[in-house]
Amino acid sequence: HGTMQDLQVGGRRADGPGTWGMQLGDVAGVVKAALPVGSCSLCEAAVRGVLTYAAGGQGGSMASSAGVGISGRAPLAGRWSAFADARVAAPLSSRDRAGLPIRPALGATVGVNYRATPKLTLTVQNDYDGSPYRRTGLPVYDNAYTSVTFGLAYRMTRTLVLKFSASEDYNTGKRPTGQDSMAPYGPSDFSATA
């Protein structure tokens with residue numbers, strides 16, 4: 001993570017020193033099990049359990065949590081397939097690190113995959129995560145988090161897949177006047193992963 005300072009000195013722009021660093025974000029353990037064949041006639045379905053430890057890094061969760069979800073994948077026409085996920089996460093404490101009261105929150109994902117080649121798959125997905133905060137009166141805490149993600153996965157070997165993705169959050173609720181449209185109440189939070 002990093003910040004830059006933009007200073008105006010005598011009417012001329014000068015870059016400040018800024019700060020840079022690295023922190024550990026969340027640590028998560030995931031257990032996933034496919035549902036028996038036939039439980040979903042047109043799709044593959046699975047259940048998932050997640051235990052997340054909020055290590056305190058920038059961009060991580062505000063509290064450790066335990067969650068459960070169900071997901072499914074179904075073929076569409078040609079090389080296209082669709083997938084969806086519904087989940088709930090319950091915090092392991094009644095307050096976050098800043099002392100604000102929190103509660104269980106719902107989330108969902110929907111998306112499509114396109115198999116460009118036998119080894120390359122392209123993905124577009126939309127994520128929704130409800131706010132874990134009890135009403136604070138501040139939109140940045142109270143409103144849901146929504147994002148769109150574009151990704152690709154390249155199968156290098158039978159057991160190794162290389163994945164890249166880029167996400168941009170957007171705001172579905174009312175925002176304060178003058179804020180960017182592609183962000184919840186602040187500068188856009190673009191992120192990329194590999």
Side-chain angles (χ1 to χ4, degrees), residues 1-2 20-55 57-62 64-89 105-132 144-172 180-184 187-194:
H1 68 92
W20 297 90
M22 183 177 288
Q23 294 177 333
L24 181 66
D26 294 347
V27 179
V30 179
V31 175
K32 187 173 181 180
L35 295 179
V37 175
S39 57
C40 180
S41 59
L42 297 175
C43 67
E44 303 170 14
V47 293
R48 182 182 64 202
V50 181
L51 185 62
T52 302
Y53 170 68
Q58 193 171 26
S61 300
M62 293 301 288
S64 299
S65 65
V68 64
I70 186 164
S71 61
R73 180 178 305 274
L76 298 174
R79 299 179 177 191
W80 293 89
S81 64
F83 60 91
D85 171 274
R87 56 195 175 271
V88 62
L106 300 175
T109 298
V110 293
V112 292
N113 287 327
Y114 177 72
R115 190 173 195 121
T117 70
K119 291 187 173 186
L120 180 65
T121 302
L122 307 176
T123 300
V124 178
Q125 75 180 46
N126 189 80
D127 292 292
Y128 168 90
D129 285 294
S131 172
Y145 177 82
T146 50
S147 67
V148 62
T149 300
F150 300 91
L152 64 88
Y154 182 77
R155 181 166 295 282
M156 299 182 70
T157 69
R158 188 175 155 275
T159 57
L160 180 63
V161 178
L162 185 61
K163 293 184 177 183
F164 297 95
S165 66
S167 298
E168 175 63 55
D169 62 336
Y170 62 92
N171 175 32
T172 57
D180 297 337
S181 61
M182 286 295 287
S188 298
D189 293 327
F190 173 81
S191 64
T193 62

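Computed from a predicted structure; not experimentally measured.
For R155 (side chain) and P118 (main-chain N/O), no donor-acceptor pair under 3.5 Å exists by modelled atom type. Although no hydrogens or angles enter the test, the distance criterion places no donor-acceptor pair under 3.5 Å between the side chain of T52 and the main chain of A28.
Nearest heavy-atom pair across V161 and A153 is CG1-CB, 3.9 Å. When all heavy atoms are compared, the tightest approach of A144 to G130 is CB-CA, 4.1 Å. Residues R48 and R87 share a closest heavy-atom pair of NH2-CD, 4.0 Å. Across every non-hydrogen atom of F83 and V124, the tightest pair is CZ-O, 4.3 Å. Minimum heavy-atom separation, A116 to R79: O-NH1, 2.6 Å. Closest approach of A54 and S64 over heavy atoms only: N-OG, 3.1 Å.
In this structure, L35 and V47 have side chains that are in contact, with non-hydrogen atoms separated by less than 4.5 Å.
Atom OG of residue S165 and atom CD of residue Q125 lie 8.0 Å apart, to the nearest 0.5 angstrom. Here the CG atom belonging to L122 is positioned 6.5 Å from the CG atom belonging to L152, to the nearest 0.5 angstrom. Between the CG atom in L162 and the CZ atom in F164 there is a gap of 4.0 Å [rounded to 0.5 Å]. Considering CG of D169 and CG of D127, their distance stands at 11.5 Å, rounded to 0.5 Å. From D85, atom CG reaches atom CZ of R73 across 10.5 Å, with rounding to the nearest 0.5 Å. If you take OH on Y145 and CG on D129, they are separated by 8.5 Å, rounding to the nearest 0.5 Å.
For Y114, the ring-ring contact (aromatic ring centres under 6.0 Å, His included) partners are W80, not counting sequence neighbours.
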For this session: Check the pair L51, Y53 against side-chain contact (heavy atoms from CB on, under 4.5 Å), reporting the backbone distance first and the verdict last.
Result: CA-CA 7 Å; L51 185 62; Y53 170 68; over 6 Å; no

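Side-chain atoms of S81 and R115 include no donor-acceptor pair closer than 3.5 Å.
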